[in-house]
Amino acid sequence: MIYEPVNISVSLGYGSVALASQSNNLNVDQSAFQMAGVGGHGGNDNIASGASVSTSLDAGMIASGDNSAGNGGSGYFSGAIVDAPVVIYHPINIAVAGSGGTAHASQSNTVEIDQSATQIAGVGGNGGNANVSAGGSVVTLDPSWGSSNAGGVSDVQTGGSQVGNGGDGAFYGGLVHTSFVLYDPINIAVAGYGSNAHSVQTNDAYVDQSTVQIAGIGGYGGNGNAAAGGHASLLSHGLWGGSDAIATGSNGAGNGGNGYFAGSLIDVSVAIYAPINIAIAGSHSTAVADQVNNVHIDQSAVQIAGLGGDGGHGNLALGGDLSAHLLSDLHLLG
């Protein structure tokens with residue numbers, strides 16, 4: 001954006017008066033909010049439960065676990081987010097009077113420029129609250145009851161349930177915020193022989209070039225969640241082969257997500273403030289130049305990258321119960 005008003009007053013006759021008055025109230029909003037690759041938050045009060053399983057077949061694997069509820073989605077971002085606002089503010093005010101005259105140049109500028117930016121990318125969603133995820137119960141009977149040699153079940157899985165966990169955040173690329181402001185008002189009063197030149201300039205400027213950059217942040221774990229493995233019961237007699245693997249654990253609840261960051265966070269803020277106020281008068285003349293400046297420039301930056309999310313509170317993760325009953329073939333007699 002280029003803002004350049006020009007105001008000129010010229011009076012060349014003897015004893016003339018040149019008056020140039022300029023008042024500018026400028027508000028420029030170039031703020032940016034940029035968000036990409038953000039996982040959604042997990043819901044609340046959900047239930048995920050595996051069904052109960054009872055079998056006497058020679059099954060290769062029985063799985064009623066690995067259920068999920070209320071987990072935050074993962075956020076992935078690869079690329080670049082760029083914000084590069086530019087403002088050039090250059091008002092010109094000139095008053096020129098001849099001999100024995102009066103030149104009065106008055107310039108008042110009230111300027112507010114907002115070039116702040118918030119850039120968020122690759123952030124995992126937060127886990128939900130008060131969710132329940134449980135594996136179903138599994139009951140297995142000897143697949144060849146009455147025989148002394150049977151195959152059994154190779155794998156029983158009722159665990160692996162996840163609930164209320166924050167999603168992972170992964171960022172690969174760059175967040176770039178480069179802001180530029182040129183503030184250069186010019187105020188000039190010129191009068192000839194035996195005259196008066198009065199130049200007054202007042203500037204109130206506020207420039208915000210602050211930035212917040214967040215990338216590769218894991219989501220927070222939820223609160224009050226419960227994840228439990230299901231109950232596993234094995235009923236066997238004699239020399240049944242049983243199960244090679246029985247898994248009722250590996251449950252998770254309210255864990256914070258992992259944060260991954262590879263790339264760059266760049267903030268480059270440039271503000272050039274150069275007001276010019278000039279009063280020129282000839283011989284036996286009076287020249288007065290007054291300038292008042294009130295300036296506030298904020299170039300602060302907050303940059304956060306590659307952080308894991310905090311774990312939640314009041315969560316419960318339990319492995320399921322396992323019971324094995326070995327019965328002798330003798331109970332089949334008589």
Side-chain angles (χ1 to χ4, degrees), residues 1-32 83-118 177-212 267-302:
M1 174 190 169
I2 300 176
Y3 183 80
E4 189 174 14
V6 178
N7 186 44
I8 300 175
S9 176
V10 178
S11 180
L12 298 178
Y14 181 84
S16 59
V17 175
L19 177 63
S21 179
Q22 187 180 75
S23 179
N24 299 301
N25 294 305
L26 177 66
N27 184 292
V28 179
D29 186 358
Q30 293 181 324
S31 60
D83 178 45
V86 175
V87 171
I88 298 176
Y89 181 73
H90 185 60
I92 299 174
N93 191 52
I94 300 174
V96 179
S99 299
T102 299
H104 184 84
S106 176
Q107 187 182 74
S108 176
N109 298 298
T110 301
V111 179
E112 182 176 354
I113 300 172
D114 184 359
Q115 293 181 326
S116 61
T118 300
H177 177 237
T178 59
S179 54
F180 178 83
V181 171
L182 173 60
Y183 183 84
D184 186 26
I186 297 175
N187 191 51
I188 300 175
V190 179
Y193 176 85
S195 35
N196 294 306
H198 191 195
S199 178
V200 178
Q201 187 182 71
T202 302
N203 298 299
D204 291 302
Y206 178 84
V207 179
D208 184 0
Q209 294 178 320
S210 61
T211 183
V212 176
D267 175 47
V268 179
S269 299
V270 177
I272 300 175
Y273 181 79
I276 299 174
N277 190 46
I278 300 174
I280 301 175
S283 302
H284 304 287
S285 304
T286 301
V288 178
D290 294 324
Q291 188 180 69
V292 178
N293 299 296
N294 296 303
V295 181
H296 178 83
I297 299 174
D298 184 358
Q299 293 181 326
S300 61
V302 176

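If you're wondering where the values come from, they're calculated on a predicted model, not measured in any experiment. The first residue of the sequence shown is numbered 1, and numbering continues consecutively from there.
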Supply the atom-to-atom distance [X] [atom1] to [Y] [atom2], rounded to the nearest 0.5 angstrom.
X	Y	atom1	atom2	answer
D184	I88	CG	CD1	10.0 Å
D298	Y206	CG	OH	5.5 Å
D267	S179	CG	OG	6.5 Å

Between [X] and [Y], is any pair of side-chain heavy atoms under 4.5 Å apart?
X	Y	answer
N24	V111	no
I113	M1	no
I186	H90	yes
Q107	N109	yes
D290	H198	yes

*Excluding sequence neighbours, so at least two apart, what forms side chain to side chain contact (heavy atoms under 4.5 Å, CB included) with V190?*
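Only V96, I188, I280 meet the side chain to side chain contact (heavy atoms under 4.5 Å, CB included) criterion with V190.
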*Quick one: which residue pairs count as a ring pair (Phe, Tyr, Trp, His ring centres under 6.0 Å) with a foot in residues 268-294, not counting sequence neighbours?*
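Sorted result for residues 268-294: Y183-Y273, Y193-H284.
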Report the residues that fulfil side chain to side chain donor-acceptor pair (under 3.5 Å) with [X], sequence neighbours left out, ordered by chain and then residue number.
X	answer
S199	N187, N277
Q291	Q201, N293
S210	D208

Please tabulate, for side-chain N and O atoms in residues 14-21, each donor-acceptor pair with protein atoms closer than 3.5 Å (sequence neighbours left out).
residue	atom	partner	partner atom	Å
S16	OG	S11	O	3.1
S16	OG	S11	OG	3.0
S16	OG	G13	O	2.6

*More than 12 heavy atoms of other residues, nucleotides or ligands under 6.0 Å from CD1 of I2: is that the case?*
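Not buried by this count: 12 neighbours or fewer within 6.0 Å.
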*Is it true that a side-chain atom of Q30 and a backbone atom of V86 form a donor plus acceptor pair closer than 3.5 Å?*
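Yes, because the side chain of Q30 sits within donor-acceptor range (under 3.5 Å) of the backbone of V86.
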*Do side-chain atoms of Q209 reach the backbone of I297 as a donor and acceptor pair under 3.5 angstrom?*
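Such a contact is absent between Q209 side chain and I297 backbone.
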*Taking all heavy atoms of P91 and all of Q22, pick out the closest pair and write down the distance.*
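Answer, listing the atom of P91 first, then Q22: CB-OE1, 3.4 Å.
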*What are the two closest non-hydrogen atoms of A117 and D83, and how far apart are they?*
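Heavy-atom minimum between the residues: CB-OD2, 3.4 Å.
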